[in-house]
Amino acid sequence: MITIKTEREIALMREAGRIVAETHALLAESLKPGISTLELDAIAEDYIRGKGAIPSFKNYNGFSGSICASINDVVVHGIPSADTILKEGDIISFDVGAILNGYHGDAARTLPCGQVDQAALDLIEVTRASFEESLKYAREGYRLSDIGHAVQEYCESRGYGVVRDFCGHGIGTSMHEDPQIPNYGRPGRGVRLKTGMCLAIEPMITEGTWEVTVQPDGWTVLTNDGKRAAHHENTIALTADGPVILTAL
């Protein structure tokens, strides 16, 4: 069931979303060659808890981290580890969630570690831009599939793969609510979008194939061809004036 949020609820989600955005800013400042993903996880958890919030991912279905930290060909759900050390030229996707006053914020960013090649920068930018493209259709009157179609058309026309096995979602008092939001598909299908819906839209884009495999740990998702992936996500609210990003500073 898709829930419609009140203005009060959206305001509460904005507070949670601000903590998520601030955490991303702190991770960007902390990212450097030689740091482990477990150190970055601790930085994020300390900040979120210091703001009176709870990391959404901590112990979620057994996930051990407070954030997801996914390097290079890891698409999503990278588990923070003391043994995973960032190197010059890596790219890393941080997925961060926070619960404050019973409401969730959820956002992901892909960042370069030190100097990276132009192909990596292009992948990151296309992924970010595909999210912006999807916002054109995150408005009352469009249908749910119009969002994913916009992402797919934008990325595939530029030669990138669009992951199909994972998708965006509704969000509110639960991190994952209805509806599911694929990043691909034909337009004009699914429920009509309405003011008050809150959605986590999250393109997951690859340099090569869209096909991925979940590793034996039950979490880590790798591209099948070993090429890099990027992830860009924001929690948004549909308002009478259009979509509003709740996980922005």
Side-chain angles (χ1 to χ4, degrees), residues 20-21 23-35 37 40 67-78 84-96 106-138 146-168 181-185 187 200-213 220-236 243 245 247-249:
V20 169
T23 304
H24 272 294
L26 181 58
L27 288 168
E29 291 175 5
S30 305
L31 177 61
K32 60 184 178 181
I35 196 168
T37 55
L40 291 163
I67 62 171
C68 299
S70 305
I71 299 174
N72 295 331
D73 62 337
V74 181
V75 182
V76 287
H77 304 161
T84 304
I85 309 297
L86 272 295
K87 303 186 302 297
E88 184 88 14
D90 284 339
I91 63 172
I92 182 167
S93 299
F94 293 117
D95 198 351
V96 178
D106 186 8
R109 304 282 186 269
T110 302
L111 301 174
C113 182
Q115 296 295 314
V116 303
D117 59 57
Q118 187 59 47
L121 295 176
D122 291 345
L123 171 65
I124 292 169
E125 173 56 22
V126 165
T127 304
R128 184 204 64 78
S130 73
F131 168 81
E132 297 292 338
E133 193 70 16
S134 77
L135 287 187
K136 297 177 182 178
Y137 303 92
D146 295 331
I147 292 173
H149 177 74
V151 172
Q152 181 181 19
E153 188 174 64
Y154 186 88
C155 293
E156 289 186 349
S157 68
R158 289 159 174 79
Y160 294 90
V162 178
V163 172
R164 287 154 168 73
D165 291 15
F166 298 88
C167 62
I181 310 168
N183 292 305
Y184 69 98
I201 299 173
E202 50 179 318
M204 289 158 268
I205 308 303
T206 70
E207 290 181 308
T209 181
W210 58 265
E211 295 174 304
V212 300
T213 300
T220 309
V221 179
L222 297 180
T223 59
N224 281 5
D225 58 10
K227 293 186 177 181
R228 294 174 293 193
H231 185 195
H232 194 91
E233 175 187 22
N234 280 297
T235 299
I236 70 164
I245 297 175
T247 44
L249 291 176

Problem set entry | Step-by-step side-chain contact (heavy atoms from CB on, under 4.5 Å) determination, Leu27 to Ile92 | CA-CA 11 Å; Leu27 288 168; Ile92 182 167; over 6 Å; no
Seminar exercise, completed: Output for pair (Glu233 CD, Ile181 CD1), nearest 0.5 Å, gives 9.5 Å
Exercise. In terms of heavy-atom contacts, does OH of Tyr154 have more than 12 from other residues, nucleotides or ligands at under 6.0 Å?
Worked result: yes
Check: residues 159-168 side-chain donor-acceptor pairs under 3.5 Å, at least two apart:
residue, atom, partner, partner atom, Å
Arg164, NH1, Val162, O, 2.8
Arg164, NH2, Glu156, OE2, 3.3

Exercise. Got Leu86 and Leu40 here, is their nearest side-chain heavy-atom distance under 4.5 Å?
Worked result: yes
For this session: Output all residues satisfying side chain to side chain donor-acceptor pair (under 3.5 Å) with Lys136, sequence neighbours left out; order by chain, then residue number.
Result: Glu133
For this session: Quick one: list whatever passes ring pair (Phe, Tyr, Trp, His ring centres under 6.0 Å) with Tyr184, sequence neighbours left out.
Result: none
Exercise. At their closest point, which heavy atom of Pro112 faces which heavy atom of Leu31, and how far apart are they?
Worked result: O-CD2, 3.4 Å
Exercise. Taking only residues two or more places apart in sequence or in another chain, which ones pass salt bridge (Lys or Arg N to Asp or Glu O under 4.0 Å) with Asp117?
Worked result: Arg228
For this session: List the atom of Val151, the atom of Ser130, and the distance in Å for their closest heavy-atom pair.
Result: CG2-O, 3.7 Å
For this session: Could you tell me whether the side chain of Ser70 and the main chain of Gly78 form a donor-acceptor pair under 3.5 Å?
Result: yes
Exercise. Going through the distances and angles, do Leu123 and Thr127 end up as a side-chain contact (heavy atoms from CB on, under 4.5 Å)?
Worked result: CA-CA 6 Å; Leu123 171 65; Thr127 304; 4.1 Å; yes
Problem set entry | Which residues share a side-chain contact (heavy atoms from CB on, under 4.5 Å) with Asp73, sequence neighbours left out | Leu222, Thr223
Exercise. Which pairs count as salt bridge (charged side-chain N to carboxylate O under 4.0 Å, His left out) when at least one residue sits in residues 122-132, sequence neighbours excluded?
Worked result: Glu125-Arg128, Arg128-Glu132
Exercise. Going by the side chain to side chain donor-acceptor pair (under 3.5 Å) test, which pairs reach into residues 23-35, not counting sequence neighbours?
Worked result: none
Exercise. In chain order, what residues pass the side chain to side chain donor-acceptor pair (under 3.5 Å) check against Thr247, with sequence neighbours excluded?
Worked result: Asn234
Problem set entry | Any donor-acceptor N or O pair under 3.5 Å, side chains Asp106, Thr235 | no
For this session: Calculate, to the nearest 0.5 Å, the distance between atoms OG1 and CD1 belonging to Thr84 and Ile71 respectively.
Result: 6.0 Å
For this session: Could you tell me which residues satisfy ring pair (Phe, Tyr, Trp, His ring centres under 6.0 Å) with His232, sequence neighbours excluded, listed by chain and number?
Result: Phe131
Problem set entry | Minimal non-hydrogen separation, Ala25 against Leu249, with atom names | CB-CD1, 4.2 Å
Problem set entry | All side chain to side chain donor-acceptor pair (under 3.5 Å) counterparts of Thr220, not counting sequence neighbours | Asp217
Seminar exercise, completed: Tightest non-hydrogen contact, residues Asp225 and Gly208, listed as OD2-CA, 3.4 Å
For this session: Quick one: do Val76 and Asp95 satisfy side-chain contact (heavy atoms from CB on, under 4.5 Å)? Show the steps, please.
Result: CA-CA 8 Å; Val76 287; Asp95 198 351; 5.6 Å; no
Exercise. Just by distance, do the side chain of His231 and the backbone of Met204 share a donor-acceptor pair under 3.5 Å?
Worked result: no
Problem set entry | side chain to side chain donor-acceptor pair (under 3.5 Å) against Asp146, all qualifying residues, sequence neighbours excluded | none
Problem set entry | From OG (Ser93) to CD1 (Ile124), nearest 0.5 Å | 7.5 Å
For this session: Any chance you could measure Gln115, atom CD, to Glu88, atom CD, to the nearest 0.5 Å?
Result: 6.0 Å
For this session: Locate the shortest heavy-atom distance separating Ala150 from Ser134; write the atom from each residue and the value.
Result: CB-CA, 4.1 Å
For this session: Identify, with sequence neighbours excluded, every residue that meets salt bridge (Lys or Arg N to Asp or Glu O under 4.0 Å) alongside Arg109.
Result: none
Problem set entry | Asn183 and Ile205: CA distance, side-chain angles, deciding distance, side-chain contact (heavy atoms from CB on, under 4.5 Å) verdict | CA-CA 9 Å; Asn183 292 305; Ile205 308 303; 5.6 Å; no
Exercise. Backbone N or O of Asn72 within a donor-acceptor pair of the Asp90 side chain at under 3.5 Å?
Worked result: no
